[in-house]
Amino acid sequence: MATDVDLHHHGDSDVGPGLVDLAVNVRPDAPPAWLLARLTGALGRLAAYPDQAAARAAVAARHGRSADSVLLTSGAAEAFVLLARTLRPRHAVVVHPQFTEPEAALVAAGHAVERVVLAPPFTLDPALVPDSADLVVVGNPTNPTSVLHPAAGLAALCRPGRVVVLDEAFADAVPGEAESLAGRADLPGLVVVRSLTKTWGLAGLRVGYLLADPGLVTRLQQAQPLWPLSAPALTAAQACSSAEAVAEAGAYAEELVRRREHLLSVLASVPGVDVVPGARGPFLLLRTPRDVRSELRDSGFAVRRGDTFPGLGPEWLRVAVRDPATSDAFVAALHTLLADDVPATGVARPVGSVALVGGGPGDPGLLTVRGLQLLAAADVVVADRLGPTALLDELAPGVEVVDASKTPGGRSVPQEETNARLVELALQGKRVVRLKGGDPYVFARGWEELAACRAAGVPVEVVPGVTSALAAPAAADVPVTHRELAQEFVVVSGHVPPGDPRSTVDWEALARLNGTLVLLMAVDRLRAISAALIAGGRAEDTPVAVVQEGTLVGQRTVRTTLSAAAEDCARAGVRPPAVVVVGGVAGLPGLA
Ligand code: SAH
């Protein structure tokens with residue numbers, strides 16, 4: 001049994017006298033007057049034993065289900081206990097982070113529970129649920145992440161021989177109850193758990209229900225005591241299922257969207273705070289640079305701690321969406337706490353990290369395993385125009401992509417700006433991947449980026465990459481060494497032409513080489529470079545192969561000689577990125 005976190009901690013333990021309550025997600029201005037009047041009326045009939053028929057019929061009608069598919073419960077909490085005590089799972093799986101009561105109930109009933117713990121941004125990949133699971137518990141929208149999983153993925157989890165418990169306690173806070181499966185009687189083993197607590201402000205009444213196939217409903221009902229719900233609770237279940245009440249909840253859901261947008265917009269100004277993207281519930285999950293919960297209490301705000309949810313730590317907070325004024329006051333307090341947090345005050349800030357990842361020549365398959373691991377864990381990717389740019393489209397939603405490209409003759413981000421950006425992002429606590437084309441240290445200014453990070457105390461890792469200097473020739477069947485033809489190869493930058501005062505290249509020495517010369521960034525200076533090599537003694541008919549966009553779909557090769565290279569490339573319209581290979585290896589006959 002997992003005992004690492006307190007599964008019995010709930011938001012109500014986080015609130016306290018005099019604190020603004022952002023910890024509990026119950027609507028603060030509820031129950032509405034009309035509902036209170038109905039409940040008060042029910043008190044006049046307390047002498048009679050409660051009869052469930054009308055409430056059950058109303059709930060069934062609200063969801064388009066049959067009455068025998070409905071089990072009314074003393075809040076969603078009772079539903080989880082009934083399920084845990086009635087079902088006999090051999091392999092129970094709970095998808096975390098989520099409301100902890102279902103797991104607590106399963107464990108209390110003696111079942112072993114396997115956790116599937118999602119990583120940020122907490123979207124569910126149904127393939128993560130083991131095939132052998134015969135009980136799966138998942139929340140939608142999920143408490144505490146506020147993530148709404150697509151209905152199709154959840155439906156795909158349902159199959160004969162498996163019970164899928166879908167906690168939809170917050171589904172009515174989503175406009176149109178999007179992605180809800182409450183109306184789906186056709187999905188085998190589906191149990192949808194609903195609550196009236198949040199939207200209707202009825203936490204103290206204890207009323208909820210589940211929707212399942214009639215056979216399971218009967219089994220669960222047999223585990224309930226007689227008269228499990230009080231007459232006022234039944235009155236609430238019936239009243240909140242009317243078309244008018246559902247419309248009222250829908251309007252409140254729309255209002256919540258506006259309030260959430262407001263909270264998101266003000267939170268964006270707080271340094272170092274990350275919000276789990278795609279929130280659709282009446283709360284947000286935040287990650288702050290450090291644990292600020294007790295300081296927030298000192299400032300008058302109670303938030304829900306994150307560390308009692310499996311998969312989260314003390315820097316995570318769940319914050320209820322409230323009216324704009326309350327959100328503004330909360331964000332101002334958070335801002336004050338974190339603005340004081342500059343390193344000079346000596347307050348420890350979690351520092352993120354930078355990985356200088358060599359992305360290879362462009363084909364995503366040529367990225368290293370380490371590089372791929374780091375990309376999968378990145379919060380931000382600072383990318384170039386070269387390298388495996390196709391991978392940027394496959395990053396998890398919410399991963400920020402920063403463009404640091406230098407286009408020859410076009411828009412360029414100055415190197416100093418990129419250095420500063422890497423440091424800044426890491427100091428916000430982010431895991432930064434600096435994705436570079438080829439190898440980070442081959443004409444890529446990787447050293448400057450490393451030095452900037454080291455100077456700022458940012459941890460930095462360097463992951464070598466497959467350089468285009470070797471990969472582009474290889475992709476065009478040009479080996480850079482060959483037992484007879486080339487016993488050395490030299491990789492040279494053609495960024496500045498021979499004779500330019502900025503050049504440190506000894507072109508005369510290169511001209512005397514017998515082996516292979518690999519030129520990068522040389523396309524636009526090919527005329528000057530070949531002239532310098534010929535002047536230095538390299539034969540005019542030395543074979544040359546120019547490989548454009550090596551390993552990418554646009555790859556093409558121009559085969560020529562040293563004296564004709566500039567003209568042939570111009571005629572063929574060769575454009576960067578291209579690698580120029582000079583030497584006997586460039587003239588080897590194709591093997592095909
Ligand atoms: N660090 C990179 C090189 C950066 S300099 C590496 O190790 O590959 C940029 C030059 O690399 C381009 O001008 C071009 O000469 C070469 N280059 C990068 N990707 C290439 C590709 N897919 N095909 C051919 N040349 C490429």
Side-chain angles (χ1 to χ4, degrees), residues 355-368 370-371 382-392 403-415 418-419 433-450 462-480 489-497 502-505 516-530 544-560 565-566 569 572-582 585-586:
L356 304 181
V357 174
D363 176 348
L366 294 174
L367 176 67
T368 60
R370 181 67 188 145
V382 180
D384 283 341
R385 186 181 54 91
L386 297 179
T389 48
L391 288 173
L392 300 177
D403 176 16
S405 54
K406 294 184 174 63
T407 311
R411 202 190 72 87
S412 277
V413 179
Q415 185 62 43
T418 299
N419 299 347
V433 165
R434 170 70 177 112
L435 184 63
K436 303 174 76 71
D439 182 89
Y441 285 159
V442 176
F443 308 138
R445 307 188 74 170
W447 180 256
E448 292 157 66
E449 295 174 2
L450 177 97
V462 180
V463 183
V466 175
T467 178
S468 65
L470 304 181
D477 289 341
V478 177
V480 292
F489 64 88
V490 180
V491 181
V492 183
S493 165
H495 187 52
V496 286
R502 291 167 299 166
S503 174
T504 61
V505 177
T516 308
L517 204 53
V518 181
L519 303 165
L520 270 58
M521 297 181 281
V523 170
D524 293 331
R525 285 157 292 275
L526 208 44
R527 191 170 300 280
I529 290 170
S530 41
V544 169
V546 181
V547 187
Q548 178 177 335
E549 290 178 49
T551 79
L552 292 161
V553 281
Q555 175 178 324
R556 63 180 181 135
T557 308
V558 172
R559 289 180 187 267
T560 170
C569 283
V574 172
R575 294 305 314 146
V579 164
V580 180
V581 189
V582 181
V585 293

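Here, residue 1 is the first one in the sequence, and each next residue gets the next number. In each ligand, atom 1 is the first atom listed, and ligand 1 is the first ligand listed.
For atom 10 (C) of ligand 1, the closest non-hydrogen atom of the protein is Met521 CG, 3.7 Å. Atom 1 (N) of ligand 1 has as its closest protein heavy atom Val442 O, 2.7 Å. Protein heavy atom nearest atom 23 (N) of ligand 1, with residue, atom name and distance: Gly550 N, 2.8 Å. Protein heavy atom in closest approach to atom 5 (S) of ligand 1: Phe443 O, 3.6 Å. For atom 8 (O) of ligand 1, the closest non-hydrogen atom of the protein is Ser468 OG, 2.7 Å. What sits closest to atom 15 (O) of ligand 1 on the protein, heavy atoms only, is Ala578 O, 2.7 Å.
The ligand atoms of ligand 1 that sit less than 4.0 angstrom from a heavy atom of Leu520 are 3 (C), 11 (O), 15 (O), 16 (C). Taking every non-hydrogen atom of Val579 and a distance limit under 4.0 Å, the qualifying atoms of ligand 1 come out as 24 (C), 25 (N). Set against the non-hydrogen atoms of Pro361, the atoms of ligand 1 under 4.0 Å away are 19 (N), 21 (C), 22 (N).
Of the candidates Gly358, Ala522, Pro464, Gly437, the one placing a heavy atom closest to atom 2 (C) of ligand 1 is Gly437.
Contacts of Val547 with ligand 1, taken as heavy-atom pairs under 4.0 Å, involve the backbone alone. For Leu386, every heavy-atom contact with ligand 1 shorter than 4.0 Å involves the side chain, none the backbone. Contact annotation: for Gln555 versus ligand 1, there are no heavy atoms closer than 4.0 Å. Under 4.0 angstrom from ligand 1, there are no non-hydrogen atoms of Ala471. Counting heavy atoms under 4.0 Å from ligand 1, residue Pro577 touches it through both backbone and side chain.
Between Leu366 and Pro361, the closest side-chain pair of non-hydrogen atoms falls below 4.5 Å. Residues Thr368 and Pro464 fail the side-chain proximity criterion, which asks for heavy atoms closer than 4.5 Å. Residues His495 and Phe443 form no side-chain contact, since every pair of their non-hydrogen atoms from C-beta on lies 4.5 Å or further apart. Looking at heavy atoms from C-beta onward, Glu449 lies in side-chain contact with Gln415 at the 4.5 angstrom threshold.
Residue-to-ligand polar distances place Thr467 within reach of ligand 1: an N/O pair is separated by less than 3.5 Å.
A salt bridge links Arg434 to Asp384: at least one charged side-chain nitrogen sits closer than 4.0 Å to a carboxylate oxygen.
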